There are 2 protein chains.
Amino acid sequence: MKSNLQRSNNRNDLLLDAAAELFATQGFRSTTIRDIAKASGMLPGSVYYHYASKEELLLAVYDTGVAQIVAAFEAAVSRTNHPWERLSIAISTHVEAITQDSHYMRVINRVLPEHIPDQLGALTEMRAKYEACFQRLIEDLPVNASVNRSLLRLMVLGALNHTQFWFDPKGELTPAEVGEAFTGFLVESIATDQTAEKTSEKGDSHAS
Amino acid sequence: MKSNLQRSNNRNDLLLDAAAELFATQGFRSTTIRDIAKASGMLPGSVYYHYASKEELLLAVYDTGVAQIVAAFEAAVSRTNHPWERLSIAISTHVEAITQDSHYMRVINRVLPEHIPDQLGALTEMRAKYEACFQRLIEDLPVNASVNRSLLRLMVLGALNHTQFWFDPKGELTPAEVGEAFTGFLVESIATDQTAEKTSEKGDSHAS
DNA sequence: TCCTTAAACAAACACTTGTTTTTCTAAGAG
DNA sequence: CTCTTAGAAAAACAAGTGTTTGTTTAAGGA
């Protein structure tokens, strides 16, 4: 039988952390095994004791990242039952995730499945767990029947994914303001009348 | 003096075309000089007779791509003076550009300046020429005073940049429908009243 | 104490990368 | 018919890549 006191697992976590940080800041292709090994204080070959390949290391990071961002998402969204507020909160949570917090979540934004063809299926599957959050959230939005919810989801996801290239955490805008603005751009156009009125009272979309 | 009949320039164009296609379909890093040489029917070393480096080759492709997409943009947008229709047309032009047409335009979408740190400045400068088109277009939109036009532009650009990952030219949606949908999601929320009414008559945003 | 084994080291391997150098070819100029 | 030279071939270079292999270390169980 196995001993209940395994030798230090911590180096494995350290390795994973280092990989996450490097994947998040440099991307997958630009990060070498030697970079990761150096950052976690070991030699290149030692990495392969823990993970069979560089791509498997990415999968482990990705898995953790998805779990974290889904958890952050659900925690944030549970604060209210109002569908449009939920969208706003979800957006700000996403923006927060890619600027602060752990590097694992940033990997989900930076490394797109389409960029690693060999792992396209696995990565897409994981990422789908996150995108499904938005799917449910958008399904719950009270919008006009003519609205193509799938296109709406893709528009929002695209806008969110791009925030990594322009959002400056030291800038004037807060993640919450981005969420409110993006939501505000949409709400009155597509919401059913009663929900639009309810939201516009507290939203920032109208001046007059 | 130089002879007016230079030897065949066409191999240079062929080289550029091959590079554009590969950069567009595989990305910059994943495309090797050997790939490009093979696709243009020459040997790796011969590429360097025409371009001093792989990155210089990218710059040449990028430059052509920006010129083409700006031209396509302006030609499309000039068809109407209505600001919201212009936005819709601009979006559909973008979606068309990344699916049909030349590979040069697809490179602009696929290869983001942030991914090639050594040429960040040059690429950003070129890309700005394209993004400026949207900036002017959004400046001309009659929207409420509370609307942050900069955020609106970033939202639209993000959504557009992401279309490459999901838009299927063989699918049910046409680029024009994407443009109309995206515009429809926005127009009534942020447009000043009279323009919103004008647009909603022909748009597809309201059912009731 | 002996043995097992998790964990890492040390060093190379096999290959790919962008790039350079040298050599050849063929077309136009004089 | 030479001479020059644009243009490409051929082959290698130097650096970097992911990965594998053989060896060492040290902790825990018998």
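In the text below, chain A, chain B and the rest are named by the order of the sequence lines, each starting its count at 1. What you see is a predicted model; the values in this text were computed from it and never measured. These values consider heavy atoms only, across backbone and side chains, with no hydrogens, waters or symmetry-generated copies.
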Sidechain-backbone polar pair: A:N144 side chain, A:S146 backbone, donor-acceptor under 3.5 Å
no
Quick one: list whatever passes ring-ring contact (aromatic ring centres under 6.0 Å, His included) with A:Y130, sequence neighbours left out.
A:H94, A:F134
In whole Å, what is the span from the CE atom of A:M42 to the C1' atom of C:dA11?
18 Å
Applying salt bridge (Lys or Arg N to Asp or Glu O under 4.0 Å), name anything that partners B:E125, two or more places apart in sequence or on another chain.
none
Rounded to the nearest angstrom, tell me the gap between atom CD1 in A:I36 and atom C1' in D:dG18.
11 Å
Between A:S88 and A:E180, does any side-chain donor sit less than 3.5 Å from a side-chain acceptor?
no
DNA chain C: stems of at least 3 consecutive Watson-Crick or G-U pairs whose donor-acceptor distances fall under 3.5 Å
C:1-13 with D:18-30, C:18-30 with D:1-13
Please report the interatomic distance CG(B:L58) to CG(B:D118), rounded to the nearest 0.5 Å.
11.5 Å
Rounded to whole Å, please give me the gap between CG in A:L43 and C1' in D:dT20.
14 Å
Take nucleotides 14-19 of chain C nucleotide by nucleotide from the 5' end and write B, S or -, depending on whether a protein heavy atom sits under 4.0 Å from the base, only from the sugar-phosphate, or from neither.
---BBB
Could you check how far OH of B:Y49 sits from P of C:dT25, rounded to whole Å?
18 Å
For atom CG of A:D118 and atom P of D:dG18, their distance in whole Å:
14 Å
Given D:dA6, is OP1 or OP2 found less than 4.0 Å from the side-chain N or O atoms of B:H50?
no
Donor-acceptor contacts under 3.5 Å from residues 63-77 of chain A side chains, at least two apart:
unit_1, atom_1, unit_2, atom_2, d
A:T64, OG1, A:A60, O, 3.1
A:Q68, OE1, A:S102, OG, 2.5

State whether A:S46 places a side-chain N or O below 4.0 Å from either non-bridging phosphate oxygen (OP1 or OP2) of C:dC9.
yes
Whole angstrom value for the distance that separates C1' of C:dA8 from CG of A:N12
13 Å
Keeping A:Y62 on the side-chain end and A:Y104 on the backbone end, is there a donor-acceptor pair under 3.5 Å?
no
Partners of B:F28 by ring-ring contact (aromatic ring centres under 6.0 Å, His included), sequence neighbours excluded?
B:F23
Check whether the side chains of A:Y49 and A:N12 place a donor and an acceptor atom closer than 3.5 Å, and report yes or no.
no
